[in-house]
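Report on one structure; see the data block that follows.
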Amino acid sequence: MTRTVGNTDPIPLDDDFFADPDALYRRLRVEAPVTRIVAPPGLVVWLVTRYADVRPALNDARLAKNGRRFQDLIGRHAAPTVRMAEFANSLVEHMLNSDPPDHTRLRKLVNRAFTVRAIAQMRPRITEIATELADSMTAHGPEVDLLDEFAFPLPMTVICELLGVPQDRRDEFRTWSNTLLSAGEPEERSAAAQAMAQFLAELVAQKTAQPGEDMLSAIVAASEDGDRLSHIEVISMAFLLLVAGHETTVNLIGNGMLALLRRPDQLAALRADPSLVPNAVEEFLRFDGPVNLATMRHTSAPVEIGGVTIPEGELVLVSLIGANRDPGRFERPDELDVTRDTSGHVAFGYGIHHCLGAPLARLEGEIAFRTLLDRFPDIELAAEPAALAWRESSLIHGLHRLPVRF
């Protein structure tokens, strides 16, 4: 027997949620695994939290991703204070906001660059970057912000080199990305989107006039060779690859290192057996993943999830952290264990929208932790855990700063 829930008051997401989202998910997995919430910036949406529901939902074609349809639905479900201008920009026409066949067409353009084999060839360069950053940390020590000095510049340097983006704009891009993915004021987010769109439009124009050997030049060339990518689609693709190409790894390193520093026994286990690092990266992804809620979906038909029928035309968020901490799937899910079997975790999503850059994030994570553990044997947290500030974002789960000393 299914039921349609529509009369209960939606649950608002507050500051406590951003710091510890699973505190809410623990309750909802038992009491209301499919329920309505008020998500930033004031959208009333459905939230799915149990692993048994999350994984199939991520691969359900009725939970569509068509970006153009979102604008109509957001107008219906948003609080009156939400301004529509922030959603109407040239950064949303990418594969993460599309369904087949558009999704298939867009994804095939970059598939080859992100295969396991192609990414493996990048190991020497990523190792070189990590070593240079560790040297810089040593010079600036004994106390540094690990995010500023290591976790951010590592993946940003890699993705900028891959796409052919000027390195001198990376700090600007970080500011825009943080603002755009936050739960801040709509005016600030809209301004960041406009600045980012202008920068990327200029970059695409440059690659069109003077193509290089980088991936973005290849994407521009493909759009000119009859692959039917519009100018806006190219800009949106560049936006997606740049943001997704660094945000996941930044917060994988930050969240993972924080988890290790709070569990000296697990840190000691990795030092004793460095061969555990690849599995530890998977555990960091499961335990405190960098993506909280998967990007928005909407129902193209009535969908039954967890005994609840969600009507057509509703907005849906699927909790990756909630699924990865579900005791119905993982034993002792709230305990960090770098030796555990993490197979089946959904930190990178599932189905056709599974993260294209997962092999790159995994490799960067492995190299990052090997480098940090090798170079800084006495690294420790330089702040009380309760004093750490988390980003106010329902999409990204990560810290503002991670002070460490060595």
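Everything numeric here is computed off the predicted structure, so don't read it as measured data. Both backbone and side-chain heavy atoms feed into the values below; hydrogens, waters and symmetry mates do not.
- Taking the six-membered ring for Trp and the full ring otherwise, F17 and Y25 have centroids separated by under 6.0 Å.
- Under a cutoff of 6.0 Å and an axis angle of 45°, R391 and F18 do not form a cation-pi pair.
- Atoms CZ and CG, from R286 and D341 in turn, are 11.0 Å apart once rounded to the nearest 0.5 Å.
- The distance from the CZ atom of F199 to the CZ atom of R169 is 5.0 Å, given to the nearest 0.5 Å.
- Residues D102 and R105 are paired through a salt bridge, judged by an N-O separation under 4.0 Å between the basic side chain and the carboxylate.
- Checked against the 6.0 Å centroid threshold, H397 and W390 count as a close aromatic pair.
- Contact of the T248 side chain with the F348 side chain is registered, since non-hydrogen atoms from C-beta on lie closer than 4.5 Å.
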Given salt bridge (Lys or Arg N to Asp or Glu O under 4.0 Å), test R297 with D60 step by step and report yes or no. CA-CA 10 Å; R297 288 160 165 80; D60 192 326; over 6 Å; no
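- For T49 and R26, the side-chain atoms include no donor-acceptor pair closer than 3.5 Å.
- Salt-bridge check for E282 with R362: passed, with a basic side-chain N closer than 4.0 Å to an acidic carboxylate O.
- The side-chain heavy atoms of M257 and F284, taken from C-beta on, include no pair separated by under 4.5 Å.
- Proximity of a side-chain donor or acceptor of E143 to a complementary backbone N or O of V404 within less than 3.5 Å is not detected.
- Within 6.0 Å of CZ on R332 lie more than 12 heavy atoms contributed by other residues, nucleotides or ligands.
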Any chance you could lay out the side-chain contact (heavy atoms from CB on, under 4.5 Å) test for V34 and L47, step after step, and finish with the verdict? CA-CA 6 Å; V34 181; L47 175 64; over 6 Å; no
Could you walk me through whether K207 and D214 pass the salt bridge (Lys or Arg N to Asp or Glu O under 4.0 Å) check? CA-CA 9 Å; K207 299 297 181 183; D214 54 88; 3.1 Å; yes
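- A distance of 8.5 Å separates CD of E233 from OG of S98, quoted to the nearest 0.5 Å.
- Using a 4.5 Å cut-off on side-chain heavy atoms (C-beta onward), E312 and S300 make no contact.
- Shown here for S319 and V54, the closest heavy-atom pair between the two residues is O-CG2, 3.6 Å.
- E304 places no side-chain N or O within donor-acceptor distance of the main-chain N or O of T309, the cut-off being under 3.5 Å.
- Under the 4.0 Å criterion applied to side-chain N and carboxylate O atoms, R375 and D135 are assigned as salt-bridge partners.
- Side-chain contact check for N251 and E247: at least one donor-acceptor pair (N or O, by modelled atom type) lies under 3.5 Å.
- Using modelled atom types, one side-chain atom of S393 and one backbone atom of L181 make a donor-acceptor pair closer than 3.5 Å.
- Between H246 and F173, the ring-plane angle classifies as perpendicular under the 30° and 60° cut-offs.
- Contact check for V338 versus N279: no side-chain heavy atoms found under the 4.5 Å cut-off.
- By the 4.5 Å heavy-atom criterion applied to side chains, M296 and L43 are counted as neighbours.
- A heavy-atom distance below 4.5 Å is not found between the side chains of L388 and R401.
- Between the CG atom of L146 and the CZ atom of F406 there is a distance of 9.0 Å, given to the nearest 0.5 Å.
- Two residues are said to be in side-chain contact when any heavy atoms from C-beta on lie closer than 4.5 Å; N111 and L356 meet this criterion.
- Side chain to side chain, T249 and E364 meet the donor-acceptor criterion of an N or O pair below 3.5 Å.
- With respect to the salt-bridge test (charged N to carboxylate O, under 4.0 angstrom), the residues R329 and D326 do not qualify.
- The pair R174-D148 meets the salt-bridge criterion, with a side-chain N (NZ, NE, NH1 or NH2) lying under 4.0 Å from an Asp/Glu carboxylate O.
- For the pair A39 and V45, the tightest heavy-atom approach, listed with the atom from each and the gap, is CB-CG2, 4.1 Å.
- A cation-pi arrangement, defined by a distance under 6.0 Å to the six-membered ring centre and an angle within 45 degrees of its axis, is absent between R325 and F330.
- Between D20 and D22, the closest side-chain pair of non-hydrogen atoms falls below 4.5 Å.
- For D99, the salt bridge (charged side-chain N to carboxylate O under 4.0 Å, His left out) criterion is met by no residue, not counting sequence neighbours.
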